[in-house]
Peer 1: 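Have a look at this one before I ask anything.
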Amino acid sequence: MTKGKTLPAFISDHKLTLLVMASFFAITSEGFAQQATEQGSFSISEPGIMIMILLFLLPLLIGILILVFKLKNLFRSIEKSDVKQEARNFAAYLNELDEEQLALVQKRKENLEYRTKANELSGTLPPEDARGLVVASIEHVSPQFIAPKRKALPRPAIDPRLTKLILWFIGTATFWLVFGTTIGEYLGIKFVAPDVDQVSWLSFGRLRPIHTNSVFWGWSSLAMLGLAYYVVPMVSNTSINNIKHGWLSLLFINASVVMGTIFLAAGINNGGGEFREYIWPVMLLFAIGIVLTLRNFFLTVAHRKTKEIYVSNWYVIAATMFVIVISIIAYVPYWQIGLGESIIQGYYMHQGVGMWFMLFTLGLIYYFLPQQLNRPIYSYSLGILAFWAQILFYTVIGTHHFIFSSIPWSLQTTAIVGSVGMVIPVVAGTANFLLTFRGGWNKLRDSYTLPFFLVGIIFYFTGSLQGTVEAFRYTNLLWHFTDFTVAHSHITMYGIISFFMWAGIYAMVPRLTGKEPPQLLVGAHFWIALIGLMFYNIPLMIGGTLKGLSWMEGKPFIDSVVLMAPYWLWRAIGGSMMWFAHLIFAFNLYKMIAKKTSPDIKDLALEYMEGENHDKHAQPSPSTM
């Protein structure tokens with residue numbers, strides 16, 4: 001692409017084809033040759049910037065489509081009012097007719113409205129449901145403040161012991177979600193009021209790893225494992241291999257997070273990099289729990305009663321194997337010498353997100369999404385393509401966090417190429433999920449789980465491609481080490497993983513307990529979490545871009561700190577909304593698990609009627625007194 005020529009100039013010259021070709025060659029040529037970026041320069045024609053703009057425009061386009069549908073409904077209402085006015089005019093005309101003309105009109109009306117009785121084959125006897133087969137009625141007895149949602153179907157075949165284990169996984173995961181995000185809420189306040197405390201145990205350097213590790217190993221990992229203990233035996237059509245090992249795994253992982261939290265608060269940490277702050281004895285407990293889980297899942301699949309191994313088990317078992325491998329590589333000091341420390345850190349950090357959380361979660365979605373839509377996954381082949389493509393490309397992209405560092409240039413270029421290659425599994429997976437929705441979009445309005453799935457799919461596409469864009473050399477120079485990366489990590493770990501976890505939990509727990517969550521509060525959880533995430537991410541993306549530009553212009557670092565003040569305020573507001581949504585989710589989970597049930601209005605009404613009738617019969621009549 002010609003230097004100095006911006007995107008609007010190309011569009012005005014009607015050279016879109018040249019623009020696409022130039023963008024392609026700019027990516028490939030700049031990927032293999034180191035070029036100095038002019039200090040302080042910013043061009044919208046940079047490929048990474050252009051792609052990021054497209055990712056921003058995609059949700060905007062969706063919003064415009066929603067607006068179009070709203071306007072369409074508005075026009076329909078106007079049209080209905082016109083029809084009503086025309087009907088009034090027609091009624092006034094009929095009032096002017098004489099009796100003979102009215103008789104003709106009435107006779108014609110009766111002729112046009114003639115219909116068969118539709119009971120020629122069924123008879124005229126009143127219907128009777130002696131077996132209670134009809135479970136839905138047209139009229140709702142309960143007060144309707146929100147649109148009714150479809151209830152989950154119970155699965156009575158689930159082993160009660162397994163149900164108890166799963167609920168403990170989900171319950172402890174929810175505890176770590178509330179705990180970890182409470183720490184995160186306090187950290188957000190510290191950005192706005194940094195002098196809020198002077199206690200060493202509450203310093204940012206200690207609380208931040210407590211927050212990240214709690215939601216990583218506590219919330220996300222335990223929630224994924226809890227859902228997998230439901231999915232793996234379900235798709236294998238067999239029982240879980242060893243429930244006792246499941247309880248041991250739960251114990252070891254929770255012990256790891258508890259001990260890790262205490263050590264981090266006391267200032268005892270590994271110091272080896274982000275997400276591996278736990279010292280090795282603490283991480284060893286987590287590893288033991290994962291090894292027990294891998295053995296459990298592997299033997300369950302080995303004893304399956306189905307011929308094929310469903311794709312969900314491909315993803316789940318592969319992810320469990322990968323997290324063991326990356327933990328060994330990250331904690332064995334053999335490779336961690338000199339630049340090897342940075343290379344291992346990039347590998348561990350990215351494999352933890354992509355090959356543990358993302359790969360595992362995608363396996364769960366390949367079960368829960370078709371199950372909630374009551375239709376098979378659109379393409380099994382696309383699922384397998386995405387599986388192998390993710391293993392091929394994601395395992396080499398860790399060093400794209402160290403562009404322009406002392407790491408060999410060829411290794412940096414390999415990471416960039418691998419990041420671009422991630423487009424294949426992301427597009428394949430997104431297309432597979434959205435095409436599974438085909439013909440079932442109407443089910444969105446009747447379900448409180450499908451909106452969570454849809455938001456997770458959207459963020460899976462946009463967040464993953466955002467990671468690809470950030471790997472380009474120019475965009476990496478602009479955004480890396482700024483708050484833009486913080487926003488990106490929350491789009492992936494929160495927008496994708498957490499929304500998918502909530503979707504799976506809301507889909508699974510009612511099937512285990514037979515109790516639905518309060519629909520109003522599920523809606524509140526969804527919207528407050530989603531809006532809070534937007535309030536959190538968009539300001540940090542804008543502020544992070546401005547911060548990167550100030551660094552490229554060589555301005556003092558303190559200027560970028562002052563610059564971020566209003567954006568950090570929005571970060572605190574969005575984080576507070578997200579934290580409040582987690583409290584709602586915890587309450588919803590309690591309502592789904594608690595033994596106490598709310599009285600049903602229909603049952604109470606029948607009891608009242610029976611009581612009144614009994615009183616009437618019990619009272620003596622006046623004639624007998």
Peer 1: Roughly how far apart are Ile407 CD1 and Ser342 OG, rounded to 0.5 Å?
Peer 2: 5.5 Å

Peer 1: Nearest 0.5 Å, please: how far is CZ in Phe472 from CH2 in Trp479?
Peer 2: 10.0 Å

Peer 1: Answer with yes or no whether the side chains of Trp217 and Ser256 bring together a donor and an acceptor at under 3.5 Å.
Peer 2: no

Peer 1: Applying side-chain hydrogen bond (donor to acceptor under 3.5 Å, both in side chains), run through Trp219 and Ser498 and close with a yes or a no.
Peer 2: CA-CA 9 Å; Trp219 153 242; Ser498 289; 3.2 Å; yes

Peer 1: Using the ring centroid of each side chain, check whether His582 and Tyr494 are separated by less than 6.0 Å.
Peer 2: yes

Peer 1: A quick test of your reading: do over 12 heavy atoms of other residues, nucleotides or ligands sit less than 6.0 Å from CZ of Phe298?
Peer 2: no

Peer 1: Roughly how far, to the nearest 0.5 Å, is CE of Met355 from CD1 of Ile326?
Peer 2: 9.0 Å

Peer 1: ring-ring contact (aromatic ring centres under 6.0 Å, His included) for Phe453 and Phe499? Distances and angles first, verdict last.
Peer 2: CA-CA 7 Å; Phe453 283 111; Phe499 268 85; over 10 Å; no

Peer 1: What is the minimum heavy-atom distance between Leu362 and Tyr460, and which atoms define it?
Peer 2: CD1-OH, 3.7 Å

Peer 1: Measuring from atom OH of Tyr278 to atom CG of Leu264, what distance do you get when rounded to the nearest 0.5 angstrom?
Peer 2: 6.0 Å

Peer 1: Looking at every non-hydrogen atom in both residues, tell me the closest pair between Ser576 and Glu185 and how far apart they are.
Peer 2: OG-OE2, 2.8 Å

Peer 1: With a 6.0 Å cut-off (strictly less than), is the heavy-atom count around CE of Met349, excluding the residue itself, greater than 12?
Peer 2: yes

Peer 1: Hey, mind stepping through Gln390 and Leu359 against side-chain contact (heavy atoms from CB on, under 4.5 Å) and telling me if it holds?
Peer 2: CA-CA 8 Å; Gln390 180 153 340; Leu359 197 67; 4.0 Å; yes

Peer 1: Regarding Trp551 and Ser560, is there a side-chain donor-to-acceptor distance under 3.5 Å anywhere?
Peer 2: yes

Peer 1: List the steps and the verdict of side-chain contact (heavy atoms from CB on, under 4.5 Å) for Arg206 and Ser200.
Peer 2: CA-CA 8 Å; Arg206 297 190 187 185; Ser200 61; 4.0 Å; yes

Peer 1: Quick check: Tyr315 with Phe360 (ring centres under 6.0 Å apart)?
Peer 2: no

Peer 1: Show, in sequence, the C-alpha distance, side-chain angles and deciding distance for Leu434 and Leu454, and conclude whether the side-chain contact (heavy atoms from CB on, under 4.5 Å) test is met.
Peer 2: CA-CA 8 Å; Leu434 292 180; Leu454 184 59; 4.1 Å; yes

Peer 1: By the definition side chain to side chain donor-acceptor pair (under 3.5 Å), identify the one residue from Asp559, Thr482, Asp483 that meets it with Lys547.
Peer 2: Asp483

Peer 1: Can any side-chain N or O of Asn269 pair as donor or acceptor with the backbone N or O of Glu277 at less than 3.5 Å?
Peer 2: no

Peer 1: Could you verify whether a donor N or O on one side chain and an acceptor N or O on the other, from Gln412 and Arg473, lie under 3.5 Å apart?
Peer 2: no

Peer 1: Can you see which heavy atom on Leu540 is nearest to which on Tyr567, and at what distance?
Peer 2: CD2-O, 4.3 Å

Peer 1: So Asn476 and Glu470, side-chain contact (heavy atoms from CB on, under 4.5 Å) or not? Walk me through it.
Peer 2: CA-CA 5 Å; Asn476 194 281; Glu470 287 186 76; 5.6 Å; no

Peer 1: Which heavy atom in Ile457 sits nearest to a heavy atom in Phe500, and how many Å separate them?
Peer 2: N-CZ, 3.5 Å

Peer 1: Tell me which pairs pass side chain to side chain donor-acceptor pair (under 3.5 Å) where either residue lies in residues 351-364, with sequence neighbours left out.
Peer 2: Ser221-Trp356

Peer 1: Counting N and O atoms only, with roles assigned by atom type, does the side chain of Arg571 sit under 3.5 Å from a partner on the main chain of Tyr536, one being a donor and the other an acceptor?
Peer 2: no

Peer 1: Which pair of non-hydrogen atoms, one from Ala471 and one from Ile416, has the smallest distance, and what is that distance?
Peer 2: O-CG1, 3.4 Å

Peer 1: Would you mind reporting whether Ile290 and Leu225 have side-chain heavy atoms less than 4.5 Å apart?
Peer 2: yes

Peer 1: Considering non-hydrogen atoms only, spot the tightest contact between Gly226 and Ile170 and give its length.
Peer 2: CA-CD1, 4.2 Å

Peer 1: Is it the case that the side chain of Asn213 and the backbone of Pro209 share a donor-acceptor pair, with hydrogens and angles ignored and the cut-off at 3.5 Å?
Peer 2: yes

Peer 1: For the residue pair Glu274 and Thr212, confirm or rule out a side-chain donor-acceptor distance under 3.5 Å.
Peer 2: no

Peer 1: Would you say CH2 of Trp568 has more than 12 non-hydrogen atoms from neighbouring residues, nucleotides or ligands within 6.0 angstrom?
Peer 2: yes

Peer 1: Strictly distance-based, threshold 3.5 Å: is any side-chain N or O of Tyr367 a donor or acceptor partner for the main-chain N or O of Ala228?
Peer 2: no

Peer 1: Suppose we call two aromatic rings close when their centres sit under 6.0 Å apart. Are Trp176 and Phe179 close by that rule?
Peer 2: yes

Peer 1: Is the Tyr331 to Trp280 ring centre distance short of 6.0 Å?
Peer 2: no

Peer 1: One thing to verify: whether Lys190 and Asp197 come together as a salt bridge, which I'm taking to mean a side-chain N less than 4.0 angstrom from a carboxylate O.
Peer 2: yes

Peer 1: With a cut-off of 6.0 Å (strictly less than), are more than 12 heavy atoms of other residues, nucleotides or ligands near CZ of Phe275?
Peer 2: yes

Peer 1: Report the residues that fulfil side chain to side chain donor-acceptor pair (under 3.5 Å) with Ser419, sequence neighbours left out, ordered by chain and then residue number.
Peer 2: His400

Peer 1: Within the distance-only criterion (no hydrogens, no angle test), does the side chain of Thr181 pair as donor or acceptor with the backbone N or O of Gly184 below 3.5 angstrom?
Peer 2: no

